[in-house]
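Some notes on the structure that comes next.
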Amino acid sequence: MQIAGLWAWHAPPFLYRALESSSVHLLMNGSLFLSAFLFWWAVLHFRGERSWQPVAALLVTSKLYCLLAVLFVFAPRTLYPDFASSHLGHGVGGPSTGLADQQLAGLIMLAACPVTYVLAGVVIAARWLLSMEKEGDDPGSRSGAEAWT
């Protein structure tokens, strides 16, 4: 849901509509926030036998998130030319070219991706391995002869 929303809201027809209407813009930001909140809540609160699932979800979503960022950075032209010329006015270093702002947005996304997704994946995998180790130390989890030795 999070990645579908991120990609859908970055599609030019939806993005243009969101930036022209304050109510649609609010809907866009609210839906992106809610889907991200639900995704991260589910990932960080997942426990049990299937603890590999949040790691897999982080792997897939991080790749798709970073793919969007890479498209912003390496696109040969502005992906939103009408928006860049009519709405931005003055960008980061003066009059906006649109492409420079788009590339900066992509670079920020690329910087945030490893910090959040990879770090969360490492923490969840470590927590999962520690829980498996603790289960192995529990005498009640061993079978017959193993429990007596």
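These numbers come from the heavy atoms of this one structure, side chains and all, not from hydrogens, waters or symmetry mates. Fair warning: this is a prediction, and the values are worked out from it, not measured in the lab.
Members clustered with Leu26: none, using a 4.5 Å side-chain heavy-atom cutoff among hydrophobic residues. Under the 4.5 angstrom side-chain criterion for Ile, Leu, Val, Met, Phe, Trp and Tyr, the cluster partners of Val70 are Val73, Phe74, Leu107, Leu110.
Of all heavy-atom pairs between Thr78 and Leu99, the closest is OG1-N, 3.2 Å. Taking both residues in full, the closest heavy atoms of Gly106 and Ala69 are given as O-CB, 3.5 Å, listed atom of the first, atom of the second, then distance. Residues Arg77 and Gln102 come closest through the heavy atom pair O-NE2, 3.4 Å. The two residues Met1 and Leu38 make their nearest non-hydrogen contact at CE-CD1, 3.6 Å. Scanning all heavy atoms of the two residues, the minimum distance from Leu79 to Ala75 falls at CD2-CB, 3.9 Å.
By the rule that hydrophobic residues join a cluster once side-chain heavy atoms approach within less than 4.5 Å of another member, Leu119 and Phe39 end up as members of separate clusters. By the criterion of side-chain heavy atoms lying less than 4.5 angstrom apart, applied directly or through intervening Ile, Leu, Val, Met, Phe, Trp or Tyr residues, Leu6 is grouped together with Leu71 in one hydrophobic cluster. There is a path of hydrophobic side-chain contacts, each under 4.5 Å, that joins Met132 to Trp52.
Atoms CD and CG, from Glu20 and Leu15 in turn, are 9.5 Å apart once rounded to the nearest 0.5 Å. Atom CD1 of Ile108 and atom CD of Gln103 lie 12.5 Å apart (nearest 0.5 Å). The CG atom of Leu34 lies 12.5 Å from the CH2 atom of Trp41; values are rounded to the nearest 0.5 Å. With rounding to the nearest 0.5 angstrom, the CG atom of Leu64 is 9.5 Å from the SG atom of Cys66. Atom OG of residue Ser62 and atom CG of residue Leu67 lie 11.0 Å apart, to the nearest 0.5 angstrom.
Contact check for Trp9 versus Leu27: side-chain heavy atoms found under the 4.5 Å cut-off. The shortest side-chain heavy-atom distance between Leu68 and Met109 falls under the 4.5 Å cut-off. Between Leu58 and Trp40, some side-chain heavy-atom pair lies under the 4.5 Å cut-off.
Within 6.0 Å of CZ in Phe14 there are 12 or fewer heavy atoms belonging to other residues, nucleotides or ligands.
The only option from Val60, Thr61, Leu59 that meets the side-chain contact (heavy atoms from CB on, under 4.5 Å) definition with Lys63 turns out to be Leu59.
Between Phe72 and His10, the ring planes lie tilted relative to each other; the angle falls in the 30° to 60° range.
For residues 17-36, the set of pairs meeting the ring-ring contact (aromatic ring centres under 6.0 Å, His included) definition, not counting sequence neighbours, is empty.
A donor-acceptor distance shorter than 3.5 angstrom exists from the side chain of Ser31 to the backbone of Met28, with no hydrogens or angles considered.
Ring-centre distance between Tyr65 and Trp7: not below the 6.0 Å cut-off.
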